[in-house]
Amino acid sequence: MQTAPQTTDQDQPAVDMKDIVALCKRRGFIFGASDIYGGINGFWDYGPLGTELKNNLRDYWWKSMVTTPPIGPDGHPVQIVGLDSAIIQNPQVWVASGHVGGFSDPMVDCRETKKRYRADHLVILIPSDDTPWIATIEDDEDFLKARLKKVGRGKSLNDFTSKNLTEIDLAEYPKILAPDAKEKGTLTEPKEFNLLFETGIGASEADKTTAYLRGETAQGIFINFKNVVDSSRVKIPFGIAQVGKAFRNEVNPRNFIFRSREFEQMEMEWFCHPDEAQKWFSFWKDERKKFWESIGLTSDNILMRDHDADELVFYSQGTCDIEYKYPFTSPDFGELEGIANRGNYDLTQHQEHSKTKLEYLDPERNNEKYIPHVIEPAAGLTRGVLALLCEAYTPDPNRPSGVYLNFDPKMAPKKAAILPLTAKDGQPEIAEKLYLELREEFAVDLDIKQNIGKRYARQDEIGTPYCFTIDQQTSEDGMVTSRERNTMAQERVPLDKVADFLREKLK
RNA sequence: GCGGGUGUAGCUUAGUGGUAAAGCACCAGCCUUCCAAGCUGGCUAUGAGGGUUCGAUUCCCUUCACCCGCUCCA
């Protein structure tokens, strides 16, 4: 994620994240978890409307992946099946994936400057005499030169041997002059960060064995690759999709639900022949962008960003982030989804660690045996919810609520509200009848109390696209007033055509 | 994890070492009826824990949460 101070575009008033968080709490989208106990950092609870919104996004993703997957380059629909794997797996899974023991990055702090560095990013220049060892930041030539000029005592680069900090014994640390420090010996011992949540299996303390809550849903897919191939008549290329919770001990949860310790992912692993990986990588990049645009994220706020070579993890053959311009990153963008060409790294790792053959025998390629390559579109469901909320939040001084949520009707937690103009003259009865009819097909609200203005305002704030108002005339002509959220425009609709009306609008 | 800031009702604010106040919102009733009208009534708060004190929302300590910046985000 990139960060930058929040700025105000000329044509676009900056939306304050505070206001969005406040509305989410006030109207029941998202609450701080364990609220009444003073909260708990990095966790959030989804209220009645937040749950609806999250479910809508989740269901739409599932539909777009599993129920009605896209048309492939050959003009036929691609094949994707669903999965729901356990949150706790055999701990070996996380060893194989590299989450445990593998490449967690040790960090060192500087006691003097309070700065923190990745241990493997620090290069130490070791002189032949007993002058201080000079720590510099890897790959930063300018910094290195400037640093050498300042504290190098006239030596040139040739007078030093250089080593990575990770190769240096802790006993030598007192000799090291940290990159921004004046005194030597200020670097702390490297600190390990393990992002996985540990838990214990076994009811008795004595027999407890350590296990982990999953850090991503993807590994559950990889370890079921063979099961799915053997049971589902899928043929390469095909995908396995999964939605579910994931857990990471983030160093510093921030920015509302953007970085939390418990979050939800929507991941699909696309298995294909190595020769076709690049083709499918491009295909999924396009498809995933279309997905987010189809639920209302405007192109101005969406960015496709290909990772630079030096940004890629070692096994990745290409990664592209779909980024969204959140209010707290604006004018920069923050990650929403990552599409990665992972090669055959994951299946190879699991084949080695599990001693189970994960090769695919491809009858369409002369029974060629190979470990499939994987394209992974991995989206944050909860980050998607956040993007939808940010995108929808629309201040409007010209309406009583002062703000409305401009959700795409497909995503809106409530599709319509049924509002009798008054609580008498048989209007509530007509309203309830309409409500009972519509609720079979749509998430709708029936609200009878208080004056009509307040009720419109409330529906604006929760982003309900349509209100249907029953008035005195309804019992005479069988028509209700439809009121559209964004324009506040009204039109008369026959009672028995309201469902058709809604169905049409929700297409 | 570091530095700075903030915690009084759902929100915005008041106030005090001695009964915690108001507006808006919310709920109920009446009235009104197409965009938060009016009247009456009601609910709801000193983030948590400890200390000093006869008594702490106020003073002190700790902690938790949130915000900003840094760091980090395999």
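Chain letters run A, B, ... following the sequence lines, proteins first and then strands; every chain starts at 1.
Within the 4.0 angstrom heavy-atom criterion, only backbone atoms of the sugar-phosphate kind lie near A/Q450; the bases stay farther away. Residue A/R455 is out of contact with every strand shown, counting any heavy-atom pair closer than 4.0 Å. Base contact: A/R27 has a heavy atom under 4.0 Å from a base atom. Using a 4.0 Å heavy-atom criterion, one finds that A/D471 contacts the bases of the nucleic acid, with or without backbone contacts as well. Among the heavy atoms of the strands lying under 4.0 Å from A/A423 is at least one base atom, whether or not backbone atoms are also near.
Comparing the P positions of B/U57 and B/U46 gives a spacing of 10 Å, expressed to the nearest Å. With C1' as the reference atom, B/C61 and B/G69 are 27 Å apart, rounded to whole Å. Nucleotides B/A28 and B/C67, compared at atom C1', are 38 Å apart to the nearest Å. Nucleotides B/C24 and B/U19, compared at atom P, are 26 Å apart to the nearest Å. One C1' atom belongs to B/A37, the other to B/A25, and the distance between them is 15 Å to the nearest Å. To the nearest whole angstrom, the two P atoms, one in B/C2 and one in B/U62, are 14 Å apart. Separating the C1' atom of B/A45 from that of B/G15 is a span of 14 Å, rounded to the nearest Å. B/G1 sits 31 Å from B/U8 when the C1' atoms are compared, rounded to a whole Å.
Taking the ring centroids of A/F501 and A/Y466, they lie under the 6.0 Å cut-off. The aromatic ring centroids of A/F328 and A/F258 lie less than 6.0 Å from each other. Aromatic rings from A/F256 and A/W44 are positioned such that their centres are separated by under 6.0 Å.
Contact annotation: A/K424 reaches the phosphate of B/U32 (side-chain N/O to OP1 or OP2, under 4.0 Å). Of the side-chain N and O atoms in A/K454, one or more sit less than 4.0 angstrom from OP1 or OP2 of B/A37. Regarding contacts with the backbone of B/C66, a side-chain N or O of A/N41 is found under 4.0 angstrom from either OP1 or OP2. A sub-4.0 Å separation between OP1 or OP2 of B/A28 and a side-chain N or O of A/K449 is present.
In terms of polar N and O atoms assigned as donor or acceptor, the side chain of A/R483 comes within less than 3.5 Å of the base of B/C35 in a complementary pairing. Applying the 3.5 Å distance criterion, the base of B/G69 shares a donor-acceptor pair with the side chain of A/R254. Judged by distance alone with a 3.5 Å cut-off, no donor-acceptor contact links the side chain of A/N252 to the base of B/C72.
Note on A/D321 versus A/R305: salt bridge recorded, some NZ/NE/NH1/NH2 to OD/OE distance being below 4.0 Å. Salt-bridge formation is not detected for the pair A/D445/A/R455: no Lys NZ or Arg NE/NH1/NH2 atom is positioned less than 4.0 Å from an Asp or Glu carboxylate oxygen. At a threshold of 4.0 Å, the pair A/R26-A/E461 counts as salt-bridged, since one of the basic side-chain nitrogens sits closer than that to a carboxylate oxygen. Under a 4.0 Å N-O distance rule, the pair A/D460/A/R485 does not qualify as a salt bridge.
Comparing B/A36, B/U33, B/C35 by their closest approach to the side chain of A/E461 singles out B/A36. Checking B/A74, B/A36, B/C11 against every side-chain atom of A/K25, the shortest atom distance belongs to B/C11. Each of B/C34, B/U33, B/C68 was ranked by its minimum atom distance to the side chain of A/Y456; first place goes to B/C34. Proximity note for A/T422 (side chain, C-beta onward) versus B/A36, B/A28, B/U33: the nearest is B/U33.
Mapping A/T481 and A/A22 onto RNA chain B via the closest heavy atom, the residue that lands nearer the 5' end is A/A22. Comparing A/I452 and A/G39 by the nucleotide of RNA chain B that holds the closest heavy atom to each, the one mapping nearer the 5' end is A/I452.
Summarising the geometry, the separation between CZ on A/R261 and P on B/A74 is reported as 15 Å, rounded to the nearest angstrom. Atom CD1 in A/I448 sits roughly 11 Å away from atom P in B/G29 (whole-Å rounding). Going from atom CG of A/D19 over to atom C1' of B/A25 covers 16 Å, rounded to whole Å. B/C72 atom P lies 14 Å from atom CG of A/L195, rounded to whole Å. Going from atom CD of A/E250 over to atom C1' of B/U71 covers 13 Å, rounded to whole Å. One interatomic measurement links the two molecules: CG of A/L421 to P of B/C35, which rounds to 9 Å at whole-angstrom precision. Summarising the geometry, the separation between CG on A/D35 and P on B/A48 is reported as 13 Å, rounded to the nearest angstrom. What separates CG of A/D16 from P of B/U12 is a distance of 12 Å, to the nearest Å.
Of the nucleotides present, B/C68 is the one that pairs with B/G3 by Watson-Crick or G-U wobble criteria, both distances under 3.5 Å. Across all strands shown, nothing is found opposite B/A36 as a Watson-Crick or G-U wobble partner with both distances under 3.5 Å. Base pairing of B/G10 is made with B/C24, judged by Watson-Crick or G-U wobble geometry with both donor-acceptor distances under 3.5 Å. Nucleotide B/A48 is matched to B/U62 when pairs are restricted to Watson-Crick or G-U wobble geometry with both distances under 3.5 angstrom.
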Practice problem: Just do the side-chain hydrogen bond (donor to acceptor under 3.5 Å, both in side chains) check on A/Q427 and A/T422 with the steps written out, would you? | Solution: CA-CA 7 Å; A/Q427 291 177 19; A/T422 67; 3.2 Å; yes

